[in-house]
Protein chains: 2
Amino acid sequence: MGWFLERIAVYEFTDQQNSLLRIGPPGPNILLTMSDRRTQILDAAATLISERGFTSTSVDDVIKGAKLSGKSHFYHYFKSKEELGYEVLNRQFERFAERGLAILREPMIDPLERLNLFIDAVVALQSESGGRRGSPFGNLAAELADAHEGFRVRIEAVFERWASQIRSLLWEARPQLHDDVDAVRLSRFIIAALEGAVLMTRVKRDLSVLEGIAADLKRFIAMHVRDGAAMQHNRAVE
Amino acid sequence: MGWFLERIAVYEFTDQQNSLLRIGPPGPNILLTMSDRRTQILDAAATLISERGFTSTSVDDVIKGAKLSGKSHFYHYFKSKEELGYEVLNRQFERFAERGLAILREPMIDPLERLNLFIDAVVALQSESGGRRGSPFGNLAAELADAHEGFRVRIEAVFERWASQIRSLLWEARPQLHDDVDAVRLSRFIIAALEGAVLMTRVKRDLSVLEGIAADLKRFIAMHVRDGAAMQHNRAVE
DNA sequence: ACAAATTAGGACCGAGTGGTCCTAGTCACC
DNA sequence: GGTGACTAGGACCACTCGGTCCTAATTTGT
């Protein structure tokens with residue numbers, strides 16, 4: 001264990017920017033396992049892809065971003081650019097799932113309240129990038145849905161998992177909802193409205209667009225709530 | 001005039017596919033004016049761009065699609081690929097404006113009814129391509145909003161003209177609407193929902209997604225209608 | 001001490017990119 | 001009949017793309 005710490009110290013002094021990364025001539029890789037490197041590449045790629053799109057992000061850009069030594073170094077970890085894209089998509093979904101979808105599952109909060117919190121979370125997520133990045137899934141969808149079947153299928157799966165999470169929440173909340181609420185349709189509507197809102201926000205470079213649509217979306221959901229049921233977000237949101 | 005017709009006959013026999021286009025060695029261009037050729041190129045480019053996106057559509061692809069003789073032939077009409085993209089965008093907007101936005105202006109129909117017809121028109125437009133193409137504006141927006149400021153600004157303008165058309169319709173319908181209806185917000189919501197719906201439809205390859213969202217959107221709009229006002233699309237849509 | 005694995009790094013490939021340049025044929029018009 | 005505008009067509013440019021290959025340095029396991 002002392003040995004481990006010593007290594008860390010050595011490398012921290014050697015390279016301050018990537019404190020746990022060796023630089024210079026080829027050498028050991030004690031602190032960075034295979035999966036760590038992959039993670040590092042995936043992170044760099046995710047940033048670039050969300051900024052420029054998949055097609056406009058070259059492998060060389062990713063190599064530069066992840067500070068790799070060269071092409072073959074990259075192709076040691078990923079067999080193709082395509083595979084990289086798939087994994088970025090997976091990773092981005094997991095990251096989103098952590099922060100967004102987890103809210104939908106939270107068992108201690110009223111389901112409809114959770115839905116509002118989820119919408120707030122989407123807004124908050126966009127606020128971080130100043131509404132400039134948009135949804136990674138929506139971007140890839142618009143770029144590759146027609147051109148690349150492999151991506152299309154994977155993005156469809158992402159939306160489906162997202163929708164199913166909302167559906168089960170809606171099912172949980174069914175005592176509070178009107179009898180004729182179609183959970184499939186409503187879940188799709190929520191996702192479409194959010195994706196569209198994020199896109200519009202990106203084009204307008206104005207976060208208030210997203211905020212307004214989010215508020216309207218909450219009102220639309222409230223429209224499905226039984227008159228007697230507890231749902232205080234009706235018009236008080238604004 | 002007889003001369004003109006004679007020319008037409010000659011060229012029709014010479015080239016049956018593009019009946020008004022000369023092929024073979026360089027020659028006259030009586031029937032195809034400058035703007036005709038540009039139109040021809042723009043049409044080919046519009047198709048390609050809506051299928052593959054702007055970045056993935058090469059100038060050579062456009063040349064092939066428009067059956068031009070070579071690069072310099074293309075660059076005789078457009079000074080760059082960028083300029084081509086801008087004009088495609090304009091043209092696509094005009095085409096959309098013809099079919100979609102014209103409905104919003106129709107003075108003989110009740111404004112709210114027009115709004116429903118407009119939504120129907122968007123659905124119909126998507127049905128033509130089997131929901132495969134998506135919105136040309138939305139696609140370009142997702143692809144280029146971050147990467148290319150010139151496109152971003154132009155797409156923003158398209159959405160703005162679209163939104164303002166809806167806003168003025170909403171203003172026209174204000175006697176039928178609740179007093180607290182925010183026309184700016186509602187118009188944005190409608191556009192965002194439609195854009196999102198078209199995107200989802202493209203990913204799922206299922207037109208019923210768009211149809212469902214369109215129906216929900218109509219219900220959302222109906223929510224803003226005064227209780228007494230004429231608006232029979234409340235729940236009867238399904 | 002030695003072999004296997006891992007990492008690094010660069011040269012290289014064929015195909016395509018947007019774009020320029022040059023030549024030449026054909027037209028309307030003077 | 002000559003001239004300038006328009007059209008055609010190909011050669012060519014520097015650059016980038018995704019991807020392969022080969023060599024060498026270094027560490028780990030034995």
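Not measured: the values here are computed from a predicted model. Sequence lines set the chain letters: A, B, ... in the order given, protein chains first and strands last, and positions in each chain run from 1.
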Figure out the [atom1]/[atom2] separation between [X] and [N], and round it to whole Å.
X       : N      : atom1 : atom2 : value
B:Arg38 : D:dT7  : CZ    : P     : 12 Å
A:Phe74 : D:dG19 : CZ    : P     : 8 Å
A:Lys64 : D:dG18 : NZ    : P     : 12 Å
B:Leu68 : C:dG18 : CG    : C1'   : 16 Å
B:Ile63 : C:dG19 : CD1   : C1'   : 10 Å
A:Gln40 : C:dT7  : CD    : P     : 12 Å

With the threshold set at under 4.0 Å for non-hydrogen atoms, list the residues of residues 53-60 of chain B touching DNA chain C in residue-number order. B:Thr57, B:Ser58, B:Val59, B:Asp60
Using the test side chain to side chain contact (heavy atoms under 4.5 Å, CB included), find all partners of [X] that sit at least two apart in sequence or belong to another chain.
X        : answer
B:Ser168 : B:Gln165
A:Ala46  : A:Val88, A:Gln92
B:Asp60  : B:Ser58, B:Ile63, B:Lys71
A:Val153 : A:Glu149

Give a yes/no on whether any side-chain N or O of B:His73 is located under 4.0 angstrom from OP1 or OP2 of D:dG9. no
Within less than 4.0 Å of OP1 or OP2 of D:dT7, is there a side-chain N or O belonging to B:Tyr77? yes
DNA chain D-proximal residues of residues 81-88 of chain B, any heavy atom under 4.0 Å: none
Ring pair (Phe, Tyr, Trp, His ring centres under 6.0 Å) partners of A:Tyr75, counting only residues at least two apart: none
Taking ring pair (Phe, Tyr, Trp, His ring centres under 6.0 Å) as the test, write out the residues that go with A:Phe151, two or more places apart. A:Phe54, A:Tyr86, A:His148
In short, side chain to side chain donor-acceptor pair (under 3.5 Å) pairs touching residues 123-133 of chain A with sequence neighbours left out are A:Arg99-A:Glu128
Any sub-3.5 Å donor-acceptor pair from A:Thr55's side-chain atoms to B:Ser56's backbone N or O? no
Of A:Lys79 and A:Asp61, the one whose nearest nucleotide on DNA chain D sits closer to the 5' end is A:Asp61
Which of the following nucleotides, [options], is nearest to the side chain of [X]?
X       : options                : answer
A:Tyr75 : D:dG19, C:dG18, C:dG10 : D:dG19
A:Ser72 : C:dG9, C:dC22, D:dT7   : C:dG9
A:Lys71 : D:dC6, C:dA11, D:dA8   : C:dA11

Nearest-0.5 Å distance that lies between atom CG in A:Leu169 and atom CG in A:Leu115: 5.5 Å
